[in-house]
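Here is the structure we will look at, set down as structure tokens.
Heavy atoms only: backbone and side chains are in, while hydrogens, waters and symmetry mates are out. For clarity, every value in this text was computed on a predicted model and none was experimentally measured.
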Amino acid sequence: MVKNKELFTSESVTEGHPDKLCDQISDAILDECLRQDPNSRVAVETATKNGTVWVFGEITTHGFVDVDNIVRKTLKEIGYVKTSQGIEYENCGVLSSIIPQSPDISQGVTKSKGLHKEQGAGDQGLMFGYACDETKEFMPLPITLAHKLAKRLAFVRKKKLIPYLGPDGKSQVTIEYANGKPKRIEAIVVSNQHDKNIKHARIRKDILKYVVKPICGKLMDSKTKIHINATGAFIIGGPQGDAGLTGRKIIVDTYGGIGRHGGGAFSGKDPSKVDRSAAYAARYIAKNIVAADLAKELEVQLAYAIGVAEPVSLWVNTFGTGKITDDKIINLIKKHFPLKPADIISQLKLKRPIYRKTAAYGHFGRSDPDFTWEKLDKVSVLKKELD
């Protein structure tokens with residue numbers, strides 16, 4: 001949580017941003033694997049530039065995945081239907097380089113095969129979860145508003161409220177804090193791809209009316225700086241304007257820069273990879289503890305060794321807002337929350353084809369019931385521990 005009178009900024013991107021396009025393709029492939037075989041092992045990356053998409057990585061599954069069809073379907077659903085947008089779903093090239101998962105990794109994450117005889121972590125690494133009482137989503141306000149702006153850009157494009165917009169776009173929100181509380185919006189930045197021959201004045205007017213004011217109006221004032229397509233034009237976008245790659249928007253995916261990040265991306269990874277599942281578990285822990293009013297702000301770190309089920313470390317920080325000591329919170333976490341990979345996967349029901357929709361507009365702070373790590377089902381039991 002930001003303290004005193006300070007400015008803090010977070011950004012988001014639309015589903016048509018080249019990196020987000022790649023995240024969604026990777027997760028669409030994961031979903032198809034899990035739909036046919038819930039025990040699929042998937043680590044798929046996607047890259048795109050100009051009119052080509054390249055899918056590469058490791059998959060072990062009893063199902064069959066038509067990579068070419070999934071790529072084209074995803075592009076179409078996002079809105080890449082004209083070559084002028086930077087890529088077009090029917091005529092783009094699709095390349096695939098996929099092999100089975102390494103047996104050395106497999107034996108560490110398959111129950112009874114590894115040295116430890118239970119499902120271990122799919123890799124070493126550290127993951128963070130975060131929550132605060134700043135918004136009803138238990139998320140920082142800057143990233144919450146940035147996501148809503150980015151999602152609204154896609155909405156007004158698809159509903160043809162602003163029909164000349166293209167799929168590629170970005171948003172950014174700067175919040176002024178006073179004594180740790182959000183006070184007002186200092187600045188808003190919105191950039192969105194558009195058709196040729198659309199005057200900048202029209203773009204600014206339409207985005208202000210249909211995007212910025214509906215989302216941010218209550219926190220704006222006469223001093224709020226608003227930058228819309230600040231270069232004057234954003235015609236060349238998508239993979240033509242910028243190469244895309246899975247996993248390059250990890251701060252957009254999480255907390256917008258408030259709170260730490262362990263460095264591991266989410267998209268394209270099945271839940272045996274703790275980069276994803278343990279980060280979801282850490283958010284689940286942090287959100288429930290803040291919602292139970294044990295702290296106003298909480299950051300959790302989990303760390304793992306490949307092939308080992310128990311985390312090698314568990315750390316928390318309440319930033320001085322805890323109602324009980326950090327040590328007591330750690331004990332409550334160990335008592336009430338899943339920490340081993342198999343337990344996390346089971347409790348959060350992570351072997352389901354739910355991941356494509358996580359790959360745009362953030363993995364956290366969402367009300368979708370499939371986002372099980374957002375449930376507040378531990379609040380009552382945590383409150384009872386304080387009685």
Side-chain angles (χ1 to χ4, degrees), residues 12-37 40-61 63-83 85-101 150-151 153-154 157-158 166-170 193 237-250 252-253 264-271 273 275-276 350 352-363 368 370:
S12 184
V13 298
T14 65
E15 60 205 61
H17 185 281
D19 293 332
K20 273 287 145 218
L21 163 62
C22 291
D23 285 345
Q24 290 168 91
I25 290 171
S26 293
D27 272 339
I29 291 169
L30 169 61
D31 279 353
E32 184 58 23
C33 290
L34 294 175
R35 186 185 69 80
Q36 299 182 48
D37 176 9
S40 296
R41 299 279 168 75
V42 180
V44 168
E45 316 293 340
T46 302
T48 184
K49 179 61 184 170
N50 294 341
T52 304
V53 176
W54 179 29
V55 180
F56 53 101
E58 300 81 45
I59 296 178
T60 299
T61 183
F64 170 76
V65 180
D66 186 342
V67 171
D68 185 275
N69 180 61
I70 289 174
V71 169
R72 297 183 193 280
K73 181 181 178 183
T74 305
L75 284 167
K76 183 180 181 181
E77 290 174 351
I78 290 170
Y80 280 111
V81 296
K82 299 185 292 185
T83 54
Q85 294 170 330
I87 195 167
E88 191 269 331
Y89 80 98
E90 287 186 301
N91 297 317
C92 69
V94 180
L95 307 174
S96 177
S97 302
I98 295 174
I99 63 171
Q101 182 185 52
K151 195 170 186 177
L153 285 169
R157 168 174 60 88
K158 292 178 178 180
D168 193 0
K170 304 181 79 172
Q193 182 184 15
Q240 182 181 1
D242 188 14
L245 184 65
T246 297
R248 282 205 302 203
K249 288 292 174 283
I250 58 176
V252 171
D253 284 343
F266 299 154
S267 291
K269 298 176 182 178
D270 76 85
K273 281 74 174 173
D275 276 341
R276 180 168 224 155
L350 297 182
R352 296 172 296 136
I354 60 172
Y355 295 105
R356 158 75 192 279
K357 57 187 172 182
T358 69
Y361 314 118
H363 293 244
D368 190 311
D370 282 334

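With hydrogens and angles disregarded, no donor-acceptor distance shorter than 3.5 Å links the side chain of Arg41 to the backbone of Ile59. Side-chain N or O atoms of Lys82 include none that pairs as donor or acceptor with a backbone N or O of Gly166 at under 3.5 Å. Side chain of Arg72 to backbone of Glu90: a donor-acceptor contact under 3.5 angstrom is found. Side chain of Asp168 to main chain of Gln193: no donor-acceptor pair is present (N/O by atom type, distance under 3.5 Å, no hydrogens or angles). Using a distance-only test at 3.5 Å, with no hydrogens or angles considered, a donor-acceptor pair links the side chain of Tyr355 to the main chain of Leu350. At distances below 3.5 Å, at least one donor-acceptor pair connects side-chain atoms of Tyr80 with backbone N or O atoms of Gly16. Distance alone, capped at 3.5 Å, is enough to place a donor-acceptor pair between the Asp23 side chain and the Gly247 backbone. Using a distance-only test at 3.5 Å, with no hydrogens or angles considered, no donor-acceptor pair links the side chain of Glu88 to the main chain of Thr83. Side-chain atoms of His17 never come within 3.5 Å of backbone atoms of Gly169 as a donor-acceptor pair (strictly under, hydrogens ignored).
A donor atom on one side chain and an acceptor atom on the other are not found under 3.5 Å apart for Ser40 and Asp270. Side chains of Thr46 and Trp54: a donor-acceptor N/O pair is absent below 3.5 angstrom, by distance only. If you check the side chains of Tyr361 and Glu15, you find a donor sitting under 3.5 Å from an acceptor. There is no side-chain donor-acceptor pair under 3.5 Å between Gln24 and Asp27.
With values rounded to the nearest 0.5 angstrom, Asp31 atom CG is found 9.0 Å from Cys33 atom SG. For the atom pair Ile354 CD1 and Arg356 CZ, the distance stands at 14.0 Å (nearest 0.5 Å).
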Using the side chain to side chain contact (heavy atoms under 4.5 Å, CB included) rule, take Leu75 and Ile87 through it: C-alpha gap first, then chi angles, then the decisive distance, then the call.
-> CA-CA 8 Å; Leu75 284 167; Ile87 195 167; 3.8 Å; yes
Please step through side chain to side chain contact (heavy atoms under 4.5 Å, CB included) for the pair His363 and Ile250, ending with a clear verdict.
-> CA-CA 10 Å; His363 293 244; Ile250 58 176; over 6 Å; no
Can Ile98 and Phe56 be said to form a side chain to side chain contact (heavy atoms under 4.5 Å, CB included), step by step?
-> CA-CA 5 Å; Ile98 295 174; Phe56 53 101; 5.6 Å; no
Go through the steps for Lys49 and Gln240 under the test side chain to side chain contact (heavy atoms under 4.5 Å, CB included), then give the verdict.
-> CA-CA 6 Å; Lys49 179 61 184 170; Gln240 182 181 1; 5.6 Å; no
Report the C-alpha distance between Glu58 and Lys269 in whole Å, list the side-chain angles of each, state the deciding distance to 0.1 Å, and finish with yes or no for salt bridge (Lys or Arg N to Asp or Glu O under 4.0 Å).
-> CA-CA 10 Å; Glu58 300 81 45; Lys269 298 176 182 178; over 6 Å; no
In sequence, state the C-alpha distance, the side-chain angles, and the governing distance for Ser26 and Thr246, and then conclude on side chain to side chain donor-acceptor pair (under 3.5 Å).
-> CA-CA 7 Å; Ser26 293; Thr246 297; 2.9 Å; yes
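In this structure, the side chains of Ile25 and Val55 come closer than 4.5 Å at one or more pairs of heavy atoms. No side-chain heavy atom of Asn50 sits less than 4.5 Å from a side-chain heavy atom of Pro239. Put simply, the side chain of Pro167 does not reach to within 4.5 Å of the side chain of Thr14, judged on heavy atoms. The closest side-chain heavy-atom distance from Lys158 to Leu153 is not below 4.5 Å. In this structure, the side chains of Val13 and Asp19 stay at 4.5 Å or more apart for every pair of heavy atoms.
Here the closest non-hydrogen pair linking Thr48 and Pro18 is CG2-O, 4.1 Å. What you find for Gln36 and Phe64 is that their closest heavy atoms are NE2-O, 2.7 Å.
Using a cut-off of 4.0 Å between Lys/Arg side-chain N and Asp/Glu carboxylate O, Asp253 and Arg248 are scored as not salt-bridged.
Residues that satisfy the side-chain contact (heavy atoms from CB on, under 4.5 Å) test with Asp368, not counting sequence neighbours, are Lys357, Asp370, Phe371. The side-chain contact (heavy atoms from CB on, under 4.5 Å) check on Ile70 picks up Ala28, Ile29, Glu32, Val65, Thr74, with sequence neighbours excluded.
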